[in-house]
J.: 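Input: one structure, supplied below.
Just so we're clear, the structure is a prediction, and the values are computed from it rather than from any experiment. Below, each value reflects all heavy atoms present in this structure, side chains not excepted, and no hydrogens, waters or symmetry copies.
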Amino acid sequence: MKYTVSIEIVLPREKVVQLLADPAHRPKWLRGFVLHEPLNGEDGQVGTKSRVVMEMDQRKFEGIETITRREPADLRDLPATSVVHFDREIVGEGMWSAARERLTEAGPETTLWESENEFRFSGILMKLVALLMPGAFRKQSQQHLQDFKSFAEQGKDVRNPTT
């Protein structure tokens with residue numbers, strides 16, 4: 001299964017990239033976040049493997065994330081024409097996924113975030129879920145982008161619906 005979701009964020013790309021790259025912010029916008037623990041290397045750097053735990057609809061998912069691409073390596077002073085790439089793979093029970101994130105400058109104060117996602121399933125249960133509810137994966141990905149936009153632009157925290 002493959003799909004792409006996108007969103008425009010009304011902030012300069014450099015600010016968006018800094019917020020995304022800071023692991024301290026993940027629980028504020030990544031709905032279902034439980035744990036992201038580097039097992040080797042430095043968080044967000046190519047080759048780093050991390051244990052990832054998410055909880056969705058009272059189901060826990062645990063997997064190993066590997067950062068496969070981060071360009072440019074230095075996320076400061078980005079030229080307006082450059083595209084920021086951040087790719088990762090996650091392997092969990094019965095599932096492999098890849099996310100390829102692209103951040104481009106849509107305007108002087110606006111960032112376009114495009115997220116290309118691919119899933120492969122090997123377990124019977126995961127294959128069944130994908131077959132019966134393929135739109136749920138796209139919906140969840142779009143929700144993550146929307147939650148990040150709300151956090152970045154308005155300071156909203158998914159853990160506290162009143163903020």
J.: Taking the side chain as every heavy atom from C-beta outward, state whether K15 and T111 have any atom pair closer than 4.5 Å.
T.: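 The answer is no, as the side chains (C-beta and beyond) never meet within the 4.5 Å cut-off.
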J.: Does the side chain of E118 reach to within under 4.5 Å of the side chain of M1, using non-hydrogen atoms?
T.: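 No, too far: nothing below the 4.5 Å cut-off.
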J.: Flag yes if I7 and V84 sit in one hydrophobic cluster, no otherwise; membership is Ile, Leu, Val, Met, Phe, Trp, Tyr, and two members link when side-chain heavy atoms are under 4.5 Å apart.
T.: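 Yes, same cluster.
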J.: For the residue pair H144 and W29, does the interplanar ring angle fall in the parallel (under 30°), tilted (30 to 60°) or perpendicular (over 60°) class?
T.: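 Answer is perpendicular, since the angle exceeds 60°.
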J.: Of all heavy-atom pairs between S6 and L112, which one has the smallest distance, and what is that distance?
T.: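 Nearest heavy atoms, S6 then L112: CB-CD1, 4.2 Å.
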J.: State the CE-CD distance between M56 and Q140, to the nearest 0.5 angstrom.
T.: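 CD of Q140 is found 5.0 Å from CE of M56.
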J.: Transitively linked via ILVMFWY side-chain contacts under 4.5 Å: L11 with L78?
T.: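 Yes, one cluster joins them.
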J.: Nearest 0.5 angstrom please: K28 NZ to L30 CG, how far?
T.: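 That separation rounds to 13.5 Å.
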J.: Can you check whether R138 reaches V5 side chain to side chain, under 4.5 Å on heavy atoms?
T.: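 Yes. Closest side-chain heavy atoms under 4.5 Å.
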J.: Taking R100 as the fixed residue, which of E114, E116, E89 is the one that meets the salt bridge (charged side-chain N to carboxylate O under 4.0 Å, His left out) rule?
T.: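 That would be E116.
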J.: Just wondering, do R88 and E101 contact through their side chains at under 4.5 Å, heavy atoms?
T.: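 Yes, their side chains come closer than 4.5 Å.
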J.: Quick check: F137 with F121 (ring centres under 6.0 Å apart)?
T.: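 Between F137 and F121, which both carry aromatic rings, the centre distance is below 6.0 Å.
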J.: Would you indicate whether the side-chain heavy atoms of I67 and Q45 approach each other to under 4.5 Å?
T.: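 Counting from C-beta outward, Q45 and I67 never come under 4.5 Å.
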J.: Just wondering, more than 12 heavy atoms not from R76 lying within 6.0 Å of its CZ?
T.: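 12 or below, so no.
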J.: I'd like to check F86 versus R70 (side-chain heavy atoms, cut-off strictly below 4.5 Å). Are they in contact?
T.: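 Touching, per the 4.5 Å side-chain cut-off.
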J.: Using a strict threshold of under 4.0 Å (side-chain N to carboxylate O), is an ion pair present between K60 and E62?
T.: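 Result for this pair is no, no salt bridge flagged.
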J.: Output yes when R159 and D157 qualify as a salt bridge under the 4.0 Å nitrogen-oxygen rule, no when they do not.
T.: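 Answer for the salt bridge query: yes.
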J.: Would you say that more than 12 heavy atoms from the other residues, nucleotides or ligands in this model lie under 6.0 Å from the CD of E93, or not?
T.: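 No, because the 6.0 Å sphere around CD of E93 holds 12 heavy atoms or fewer from other groups.
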J.: So, D147 versus Q143: side-chain donor-acceptor pair below 3.5 Å or not?
T.: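 A donor-acceptor contact under 3.5 Å links the two side chains.
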